[in-house]
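Nothing fancy with the numbering, it's 1 onward along the sequence.
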Amino acid sequence: MGTAERREALENDVAAPVTAVRGPEAPDDGLATADGRDVPVSTGEREGSAVDGSISAQPSYRQLWVEEPARRRRLPDPVRTAAVRAVLVIAVTLIQAMVAFLCTLAGSWLAFPMVLSSVASTVVATWAALDVWVTRQVWNQRNGVVSTPSSTARALRRERRKARRQVRAAARTQERIARQGGGSGQLSHP
């Protein structure tokens, strides 16, 4: 029973659905019985402060799903697509090599064409693996670490900032002309 919804037997043997959610920082206080059911321990019993021996109405259960922060950043989209492509090509290459090996053992006529295609597929798989590396390097140089001296990211950001400044300056000029009542939207002098 690893779900967040549990059924708790009341005193008169009528089952009622109970949902209890607990934060991820709370410890697991459920006790497992011999038949595998989790029996919640009330907060009073946990703290040792049950005065009258009554069990509280809100049992606490372990949360079903806990979001954990990612350990590493996600790969950029171009690098991820290159990696997926490389994995697929390498998988097909391995399957081809295995079929070529089995055809060779069986003495089939398909052995020679499969060996040739396996060699060609190995070249393509090597290219796909190198493509992942090159794509990652290019992405890092264009969008990545700015502190690297050879990085073009700094120059690209500088150009973008300059273009944004020019657009803002042109917009301010147009607003000023409109405020001064230029009517036609042109400057009074040529």
Side-chain angles (χ1 to χ4, degrees), residues 2-6 17-30 40 43 46 56-98 116-190:
T3 63
E5 295 182 12
R6 308 280 181 137
V18 175
T19 59
V21 179
R22 189 176 69 187
E25 68 278 349
D28 184 17
D29 291 334
T43 56
R46 185 181 336 129
S56 68
Q58 275 286 346
S60 59
Y61 292 105
R62 188 166 37 111
Q63 193 173 6
L64 179 63
W65 186 265
V66 177
E67 280 293 327
E68 295 180 2
R71 292 188 179 145
R72 289 191 301 170
R73 284 185 13 223
R74 181 175 162 163
L75 281 175
D77 286 338
V79 179
R80 192 174 333 112
T81 55
V84 168
R85 186 172 46 242
V87 166
L88 292 176
V89 168
I90 291 171
V92 168
T93 302
L94 290 174
I95 291 170
Q96 265 186 323
M98 185 55 110
L116 289 180
S117 68
S118 293
V119 170
S121 185
T122 302
V123 171
V124 173
T126 305
W127 168 83
L130 286 175
D131 182 45
V132 174
W133 182 67
V134 168
T135 305
R136 183 174 160 269
Q137 294 297 328
V138 167
W139 193 91
N140 277 339
Q141 187 173 12
R142 286 187 184 157
N143 308 314
V145 185
V146 179
S147 62
T148 306
S150 63
S151 176
T152 58
R154 186 180 295 113
L156 288 173
R157 288 185 179 132
R158 191 178 304 130
E159 290 173 9
R160 287 186 206 128
R161 278 196 304 267
K162 185 177 179 182
R164 282 195 303 261
R165 279 192 212 113
Q166 288 174 348
V167 168
R168 281 193 304 251
R172 279 195 304 265
T173 304
Q174 291 300 324
E175 286 177 19
R176 189 182 45 188
I177 291 171
R179 266 192 319 241
Q180 292 175 352
S184 64
Q186 294 180 351
L187 297 174
S188 58
H189 60 284

Taking all non-hydrogen atoms of both residues, which atom of [X] and which atom of [Y] are closest, and how far apart?
{"X": "Ala82", "Y": "Asp131", "value": "CB-OD2, 3.8 Å"}
{"X": "Ala129", "Y": "Ala86", "value": "N-CB, 4.2 Å"}
{"X": "Ile90", "Y": "Ala125", "value": "CG1-CB, 3.9 Å"}

Reported [atom1]-to-[atom2] distance for the pair [X] and [Y], which is rounded to 0.5 angstrom:
{"X": "Asp77", "Y": "Arg80", "atom1": "CG", "atom2": "CZ", "answer": "4.5 Å"}
{"X": "Leu116", "Y": "Ser121", "atom1": "CG", "atom2": "OG", "answer": "12.5 Å"}
{"X": "Arg164", "Y": "Arg160", "atom1": "CZ", "atom2": "CZ", "answer": "8.0 Å"}
{"X": "Gln96", "Y": "Met98", "atom1": "CD", "atom2": "CE", "answer": "13.5 Å"}

Evaluate the side-chain proximity of [Y] to [X]: yes if any heavy-atom separation is below 4.5 Å, no if none is.
{"X": "Val138", "Y": "Gln141", "result": "no"}
{"X": "Arg172", "Y": "Arg176", "result": "no"}
{"X": "Asn140", "Y": "Arg136", "result": "yes"}

Neighbour count >12 (heavy atoms, 6.0 Å) for atom CZ, Arg168: yes

